[in-house]
Amino acid sequence: MKSRLYKYYPEDFGELTVDVLHMDLVFDVYDDRTNVKSMLRVKTLGEPIEKLELNCRDLEVRAVSCIQYEVNYKYRKADAILEVNFLDRVPPETEITIVTDTVCRPTKNILEGLYYDETPDGAPPQQITQCQQWGFQRIVPCIDDMCAKCTYRTTIIADSRYTNMITNGDVVEERHTIKPGRDKIVYDNSVTPMATYLFFLGVGTYSTFRLEFEYPDGDSFMLELLVPPESEDGPAGRALDILYDSVMWVYIFTGPEQYDPEKLAVRQRLWELVRQRDRLKYDAGAWASKGAAEASEAEETTEATETPEPAAQKLGEIRAELAELVGSISPGYKYTGTVYREIGMQNSDFGGMENVGNTTITTNRIMPFAQITDPAFEYMIRVKVHEYYHNQNGSEVTGKSPFEIWLNEAVTVNVEEQYHAFLFGEEYQRLGRVLELLAPGYGTFALDSGAASMPIIPDGFNDPNDLITAVTYVKAPEFVRMVETLIGKETFIRGLDSYFRKFGHSNASTGDWIEAMEEASGQPLKEMAEVWLKQTKFPIVDVATEYDEASQNFTFRLRQRVPEGGKPWDFPFRAALVDEKGNDLAEVLERVSGKQAEITVENVAKPAFLSLNRDYSFYGKLVYDASPEELLLQVRKDSDIIGRFTAFYTLVDREKLRLLKDPEAKPSEDFVSLYYKLLNDRELLEKAGGQFLAIFESVEEEEYAHRYQALYEVKQKLLRAVAAKYTNSLLSAYRYFEEASAAKGETLKEEARIIKNRQAKNVCLGILASLDTPEVHGLIKQQFEAASCASDRLSAFAAYLDSSAPDKVDILRAFEAESKQDLVAWEAFLGVIARSSSADAVELVREMEKSEAFRIEQANDQRALYANFARNRKKSLQTEEGRRFMAETLRKLAPVNEYSTVHMLNTFADIDLMEKEYRLPLAKLLADLLADLDPEKVPSVYNRARKLLLGNSRSLGEYESEYGKNPALEPEKQKK
């Protein structure tokens, strides 16, 4: 057998031998097991079959039969296959029903199939499912394939004490007691045939909050929120309002004509009228409730509950106008069920998961708790619209195999980003994405260029969770965005609409999506897609320019740096020539194909500066040797905020590199002055928030890019220089942004304004904190103690933890004790500890791991403490105690949660680029880990460790020179 680096390859996903039609399921749920009876109805295709292989992982098989044929069966546990053999061949085009009786047993740490979630005090065990991608086979024997879309009828029998017994579909038999202590409920999911990975089942104890959703045409369904029993009405109601807005936005502002300028005013009017209608409905409902209560005493219920005439009349007028207006547009996706439910899951590898009518969202992000941070609040907004939109892109139109996960996610992220921009502004949203691309270590460019990199569509994978990465959620959406840029937004959305109509309630491949875009645009996209989807890394483009005074022609000459053995990428190149006042002299948008390209702009005045890769038009990096004067002018004058930021980024990069090369050097006056001016550019920060002022602990030059402690010290040196010169001005700016972050309303757009100002305020605090003086300690402590929101408090706590304040340990202990009382606060607290730059960072992380509040089986705790510490490379990789902790943790975590362990391992992607003193111990850490891992039990961790060692050939060579060949890296030792 040939050596296999991966467990699964594309050829492992062939055509099904049967058409899956329907499943009748009965789940009899107990505390320690669930008995499952299944009737799986399938139809043979054009060929007879002698056997049917069902996916069946870690189940107890009690009985197997077929209604129409005699069978025997064999459970191949090692292959996770239940083999059903027919004594007579089943002819083509024949319906058969396979009946199975099995038992599944939930666990606390295998977070797929049926597993235990956080159980409220005094309640029976909370049990929920996670079926992406192959969790369904852990529940019941099935054809666990994305193409096995079918309808379901599901019966749940469980403990009567559960407040909720839920699955996909609509209730067709109301919940009722069948014997003392046992209840039954039946659901039917027949409107939308569903892939197995979208199945959901949950029995739990929740508080349930409801809100009716009404479309502009009057159609309605119920929104439900299932959250912990102690949840307060305020945050829960706010969460439902936010969900309501996202569902309405998808309907009003997406669809095949969403960019039609003539219909924009209609859409905006619909948005306003819906809000007016809902306010009137709410007021009428509140009045009716109050009136009914009062009338109960006077026995005048009928009169009391009638809506006041003027309000009823106004409501009728608004509904009439809504119905008329909505008929004049082609709206976006419209939900088909009777209930759309969000369920809080405390323990999950994922932040959210769409499950056809039952979206699970990590409990710490499902509603705006008092302890939620601003980034978590933004995530909450995004995940709600993201998972809801999956009802169309992913559920109604489903990829053909796990190799299409990128397609399900990338198009959905595209819509998610539109909604985020609708609330926070296009510039803020796009800048946030660019920062995510550029972030050192864990940013997408960093992950996409190191030894852990993988293509959007990889050659293979060990577990479907391997495909849930920044490549899928950032690089893939950037590819979709490049296609959109090249063919135009209007054309793109028409192609998408055609794709949805053609493949509705079925499966589609990557090629199907590309063809839909080609048909809509007339542009060739297949070759472009082939490179972007199958090749790792990204274009690095050297730019040279020439201006001919005589002809007034300006020429761009582009040259791609292509990986050895790779192909050049096609991408949209958007750039502008700009004068000294910031006016665009000319703008170009060209499709670049091939290793070299030349673009000429004719009859144009000589520009004062260039605005390159505008709006970050392509996923990659540009190298252009602009002068400091040009960059300074661009930072001040460019109308494109991404151009302004990349100019600033380049200036800061050059400044950091200068200080790294000469540790005795001081920050330049030009930098200090520029940073101060940007901090006081109120208009800029209103658009971009404090994120514009980000200074990364990184540089572009590889020789210095991985000197993590030195980079941290250089950043602090830069901030201290600004703080020392402009202390009073920084205090004034701090006070200004503090006042500006006071709430003036309750809309999401107002919340966005507050968040941007709060970011700026905490940037000021961070700069002042670099002084580490008693006066600054007092300011930080004051913010910590007086903070009215979690972000302000955590920003102050992080600054205090890294300071020399004499009472910081006392503050730490008190805040730790407080944070342990709340799971949202505990997660945020652990994250601050893990990211600490203090001298005792590793000691603090070890201490938190030993806390009774820390639970290694909880994914939130793993991410907050372990993953954040792993990213803190100056401590985790470049200190002896940090490496020791990493080695211990990777061994402990691998059998508990492979997904989290793989993410920790990714921090080793660039050890070849580190200084010599670190390469050998880090390579040895990985080699020793490999020796201790069982490739059968933890294949994803094992193969990722192998990949990292093989991808860091320099470090591996040094290890082999010292210790000899590693047997785990020999071809015959690869996973078969």
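FYI, side chains are in, hydrogens and waters are out, and symmetry mates aren't considered; it's all heavy atoms of this structure.
With sequence neighbours left out, the side-chain hydrogen bond (donor to acceptor under 3.5 Å, both in side chains) criterion links E655 to R658, S668. Here R873 pairs with nothing under the salt bridge (charged side-chain N to carboxylate O under 4.0 Å, His left out) rule; sequence neighbours left out. For the side-chain hydrogen bond (donor to acceptor under 3.5 Å, both in side chains) test, residues two or more places apart in sequence or in another chain that qualify with Y649 are E700. Applying the side-chain hydrogen bond (donor to acceptor under 3.5 Å, both in side chains) criterion to R654, with sequence neighbours excluded, gives no partner residue. In this view, K656 satisfies the salt bridge (charged side-chain N to carboxylate O under 4.0 Å, His left out) rule with no residue, not counting sequence neighbours. Checked against salt bridge (charged side-chain N to carboxylate O under 4.0 Å, His left out), E426 has no partners two or more places apart in sequence or in another chain. For T545, the side-chain contact (heavy atoms from CB on, under 4.5 Å) partners two or more places apart in sequence, or in a different chain, are V543, F554, F556, L610, Y624. Residues that satisfy the side-chain hydrogen bond (donor to acceptor under 3.5 Å, both in side chains) test with D584, not counting sequence neighbours, are R614. For E713, there are no salt bridge (charged side-chain N to carboxylate O under 4.0 Å, His left out) partners, not counting sequence neighbours.
Between the side chains of N408 and E404, no donor-acceptor pair of N or O atoms lies under 3.5 Å. Under the 3.5 Å distance criterion, with hydrogens and angles disregarded, a donor-acceptor pair is assigned to the side chains of T510 and W406. Between the side chains of K874 and S837, at least one donor N or O lies within less than 3.5 Å of an accepting N or O. N952 and R919 form no side-chain donor-acceptor contact under 3.5 Å, judged by distance and modelled atom types alone. One side chain, D912 or S955, offers a donor N or O that lies under 3.5 Å from an acceptor on the other. Using modelled atom types, one finds a donor on one side chain and an acceptor on the other under 3.5 Å when comparing S836 with D802.
A distance of 11.5 Å separates CG in D448 from CD in E478, rounded to the nearest 0.5 Å. In this structure, CG on L612 lies 7.5 Å from OG1 on T646, to the nearest 0.5 angstrom. Rounding to the nearest 0.5 angstrom, the gap separating the CZ atom in F492 from the CG atom in L486 is 11.5 Å. Atom OG of S698 and atom CG of L438 lie 8.0 Å apart (nearest 0.5 Å). Between the NE2 atom in H706 and the CG atom in L913 there is a gap of 4.0 Å [rounded to 0.5 Å]. The CG atom of D374 sits 12.5 Å away from the NZ atom of K756 when rounded to the nearest 0.5 Å.
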If you apply the rule side-chain hydrogen bond (donor to acceptor under 3.5 Å, both in side chains), what do you find for N613 with S617, and how did you get there? CA-CA 5 Å; N613 201 12; S617 59; 2.7 Å; yes
Please determine whether side chain to side chain contact (heavy atoms under 4.5 Å, CB included) holds for the pair Q560 and I540, giving the CA-CA distance in whole Å, both sets of side-chain angles, and the decisive distance to 0.1 Å. CA-CA 6 Å; Q560 290 191 52; I540 298 175; over 6 Å; no
Report the C-alpha distance between F618 and F538 in whole Å, list the side-chain angles of each, state the deciding distance to 0.1 Å, and finish with yes or no for ring-ring contact (aromatic ring centres under 6.0 Å, His included). CA-CA 9 Å; F618 76 91; F538 46 87; 9.4 Å; no
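With contacts defined as side-chain heavy-atom distances shorter than 4.5 Å, the pair K606/Q552 does not qualify. Side-chain contact between L651 and F671 is absent, with no heavy atoms from C-beta onward closer than 4.5 Å. Counting heavy atoms from C-beta outward, F571 and S593 have side chains that stay 4.5 Å or more apart. In this structure, the side chains of Y619 and M482 come closer than 4.5 Å at one or more pairs of heavy atoms.
Identified under the salt bridge (charged side-chain N to carboxylate O under 4.0 Å, His left out) test for residues 550-569, with sequence neighbours left out: D542-R561, E546-R557, R557-E598. Sorted by first and then second residue, the salt bridge (charged side-chain N to carboxylate O under 4.0 Å, His left out) pairs with a member in residues 665-677 read E669-K725; sequence neighbours excluded.
In this structure, Y379 and G351 approach most closely via the heavy-atom pair OH-CA, 3.0 Å. Counting all heavy atoms, side chain and backbone alike, T444 lies closest to A470 at CG2-O, 3.9 Å. Listed here is the closest heavy atom pair of S770 and Q716: CB-NE2, 3.9 Å. What you find for L920 and E958 is that their closest heavy atoms are CD1-O, 3.8 Å. For the pair P458 and I456, the tightest heavy-atom approach, listed with the atom from each and the gap, is CD-O, 3.4 Å. Residue E602 comes nearest to N553 through the heavy atom pair CA-OD1, 3.2 Å, listed as atom of the first residue, atom of the second, then distance.
Between R944 and D466 there is no salt bridge, since none of the side-chain N atoms of the basic residue sits less than 4.0 Å from a carboxylate O of the acidic one.
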Show me, pair by pair, the donor-acceptor contacts under 3.5 angstrom made by side chains of residues 682-696, not counting sequence neighbours?
residue: R682; atom: NH1; partner: L679; partner atom: O; Å: 3.4
residue: Q691; atom: NE2; partner: Y428; partner atom: O; Å: 2.9
residue: Q691; atom: NE2; partner: A688; partner atom: O; Å: 3.2

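Ring centroids of Y675 and Y726 are separated by 6.0 Å or more, keeping the two rings apart.
Annotation: K537, atom NZ; neighbour count of heavy atoms from other residues, nucleotides and ligands within 6.0 Å does not exceed 12.
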